[in-house]
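What you see is a predicted model, and the numbers here were worked out from it, not measured in a lab.
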Amino acid sequence: MLKLSKIACNNFRLLRSVSLDVKPGIFFIRGVNEDVPQASSNMSGKSTLLSAITWALYGVDSAGDTLADSVVSSGETSCRVHLEFEQQGGQRLSVVRDRCNVGGTRNLVYVGETSKWSETLFEPADLACSRISALVGAQDVMLASSIFGYDECYVPFARSGDKAQKRLFDLLVSASDLDAAFERAHLLYEDAERELKTAQHTVAILEAKRSTLLELRNNDTGHDDVRKAKQILSVCVSKLRNAVAAVNVARHGRTEAHKLYVARLSGIDSDIADVRKKEQKLWAVKGSLNAQRKEITESHDALILSDSGSSRQCPVCDAPLSASKRKQLLADRACKLHALDPQDSACHQLLSDMQSSLASLNRKREALCASEQKLCNEFLALAREVSLARTNAAAAKQSLLSVEGAEKARCDSMRTSMRDVEQALSAWQQDVLEWERRRTILQFWREAFGPRGIRAYRLDKITPVLNSLARSYSHRLFGDGMKLQYSTQTPLKRGGYKEAFDCCLVDKDGVAVRDGISAGQSMRRDITHAFAMCRLAQSLGARKLNLIAFDELFRTLDVRGIERVMELLREEQQRYGGTIWVIEHNDDLASMFESTITIKRSGGASFILTDQV
């Protein structure tokens, strides 16, 4: 263990200039207050000596309260406390804390070898905390296991009171650390649970989205649109082929029909020309007949005129005509006219026949032209059908390309969406596995740091040891009548147990004695608890400083109780070889101690007048 070898105080409260060599043994610390005689030994600086040690180490007084400007002596601007320690092997270490209230508060600490200490090696107090804890021990454990006092002066770590006893026990079994670890593990577990639920919810959403995409892919109507477009294009192409074939057939037929048409039309035109020639000839014959008729008629008319006139000459040759001759001529002329009538009638009939033939040929020609025009119209209709079929086929092809492009784009988009969903789903599934793994681990640590975990294990191991120590000390202080007993579980009315620290006196039958306890019994109980906790801290390695201080240890004890306590103090000192300080107001008790330290207050300052060993 670490031994405190020297204390030096400069302007620390009442200890303006005090130096004390700390030696092994049991020391009675008494006080003398000359400034306030009616206060007897109170306010002389006895407890200030303990506060100087705790302030140098942790910046607090012996009750655990944080100190500020009150540590500096009245009228001064700075203070310093220097502690020297001796390790096994003889190495000497120092802890020096310095405070200055001029030009802003300065709180500096030196932790290191005594031989190397200098003013230049000070550092901020918060930087030295971890090294001090490693050297001397954690603040709470050191104060709780090394300094014992009554309630009024040592509220956080009082020797009496259930809360103080439970706090000290919790410190020794690291209950606060386990509670903090459990709270941290619980918070992390809840965070992991929330993250896991979020990841599972996201996975469910992604799986639903993937199912929707698969359903859309399986029930895809885009393929039907493409298939319909292909069918329409196939029909249009088939119609186009049929129309082209029909046009080719019609073109071939039209060519042959045109040739026939030309031949027939040429024949009709030739017949018409022949008829017209014949008609012209008939017209010439008719003209000749008309000329002859006219000539005969004119000659006949002349004869008739000559017969009625005075001249009886021939109208042709002016030769004199007799009546008979004239009559003969008239008869001849009449015969010739009658002879022309059949010819004229035949000619007229022929002309009429020619007109009929010509009309018939014209009708045939018109019919042939109409037939040709009909064939042309039919061919043009087929050509228009081919053009329409080609347009429809082109439109169907364009529609197919558009539908295929849209389908391809949609398929690409769906494929991309599916890939993104699959990637996201895979990532979130990995997150689910990771958060499940974390939750499992945190659940383990939550249970480990919980009431049934490490704490229960430590309690199961420590409580029997603590009760064994309590029995031993109780036997020394109470005899065979009572003993101090610890328990960490309290039975419930509804059955089962709950974790609850309890420290109480029990009689020889094991029945808890809570009422009717005298002040002396209560003090012996508290002293038993202090010794048991000190031994427990020693066995757990939590108490590293070989110094124990008691303030008003014999406050309500009788003579027999004081003797028993002194026997325990001597045994503890011999067991560990450390230093035990007992601060008391009753100077009559000094005779029971081998060494006495007197602290005298005079002139507003306290001094160590004697250090008798």
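Checked for salt-bridge contact, Arg410 and Glu407 meet the test: a charged N lies under 4.0 Å from a carboxylate O. For Arg92 and Glu86, the salt-bridge test passes: some basic side-chain N is under 4.0 Å from an acidic carboxylate O. Ion pairing of Glu584 with Arg30 is absent here, as no side-chain N (NZ or NE/NH1/NH2) approaches a carboxylate O to less than 4.0 Å. A salt bridge links Arg476 and Glu571; the closest N-O separation between the charged side-chain nitrogens and carboxylate oxygens is under 4.0 Å. Salt-bridge formation is not detected for the pair Arg439/Glu195: no Lys NZ or Arg NE/NH1/NH2 atom is positioned less than 4.0 Å from an Asp or Glu carboxylate oxygen. Checked for salt-bridge contact, Glu434 and Arg437 meet the test: a charged N lies under 4.0 Å from a carboxylate O.
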Under the ring-ring contact (aromatic ring centres under 6.0 Å, His included) criterion, do Trp581 and Phe550 qualify, and how do the steps go?
-> CA-CA 6 Å; Trp581 288 349; Phe550 295 94; over 10 Å; no
Between Glu84 and Leu93, does a side chain to side chain contact (heavy atoms under 4.5 Å, CB included) hold up when you go through it step by step?
-> CA-CA 6 Å; Glu84 290 187 11; Leu93 302 175; over 6 Å; no
Check the pair Glu572 / Tyr473 against side-chain hydrogen bond (donor to acceptor under 3.5 Å, both in side chains), numbers first and verdict last.
-> CA-CA 11 Å; Glu572 290 299 315; Tyr473 288 122; 2.4 Å; yes
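Side chains of Ser78 and Asp98: a donor-acceptor N/O pair is absent below 3.5 angstrom, by distance only.
Contact detail for Thr556 and Met523: the closest heavy-atom pair is OG1-CB, 3.2 Å. Listed here is the closest heavy atom pair of Arg97 and Leu57: NH2-O, 3.3 Å. Minimum interatomic distance between Tyr486 and Ala532 (heavy atoms only, all atoms of both residues): OH-CB, 4.0 Å. The minimum heavy-atom distance between Trp55 and Cys79, with the atom names listed, is CH2-SG, 3.7 Å. Shortest non-hydrogen contact noted between Ala470 and Thr528 is O-CG2, 3.9 Å. Among all heavy-atom pairs drawn from Arg446 and Tyr189, the shortest one is NH1-CD2, 3.2 Å.
No side-chain donor-acceptor contact under 3.5 Å links Ser73 to the backbone of Glu76. Distance alone, capped at 3.5 Å, places no donor-acceptor pair between the Ser426 side chain and the Glu422 backbone. Side chain of Ser5 to main chain of Val22: no donor-acceptor pair is present (N/O by atom type, distance under 3.5 Å, no hydrogens or angles). Remark: side-chain polar atoms of Asp509 are not paired, donor with acceptor, to backbone N or O of Val511 under 3.5 angstrom. Listed for the Thr579 side chain is a donor-acceptor partner under 3.5 Å among the backbone atoms of Lys23. In terms of modelled atom types and a separation under 3.5 Å, the side chain of Ser472 and the main chain of Leu469 share no donor-acceptor contact. Counting only distance, with no hydrogens or angles, the side chain of Ser94 and the backbone of Gly112 share no donor-acceptor pair below 3.5 Å. Although no hydrogens or angles enter the test, the distance criterion places a donor-acceptor pair under 3.5 Å between the side chain of Thr416 and the main chain of Asp412. Between the side chain of Ser44 and the backbone N or O of Arg601, no donor-acceptor pair lies under 3.5 Å. With hydrogens and angles disregarded, no donor-acceptor distance shorter than 3.5 Å links the side chain of Ser606 to the backbone of Ile599.
Leu83 is listed as a side-chain neighbour of Leu4, based on a closest heavy-atom distance under 4.5 Å. Counting heavy atoms from C-beta outward, Val81 and Val95 have side chains that stay 4.5 Å or more apart. Using a 4.5 Å heavy-atom cutoff, the side chains of His82 and Tyr110 are not in contact.
Using a 30° and 60° split on the angle between ring planes, Trp117 and Phe122 fall in the perpendicular class, above 60°.
In this structure, Gln573 CD and Ile26 CD1 are separated by 5.5 Å, a value rounded to the nearest 0.5 Å.
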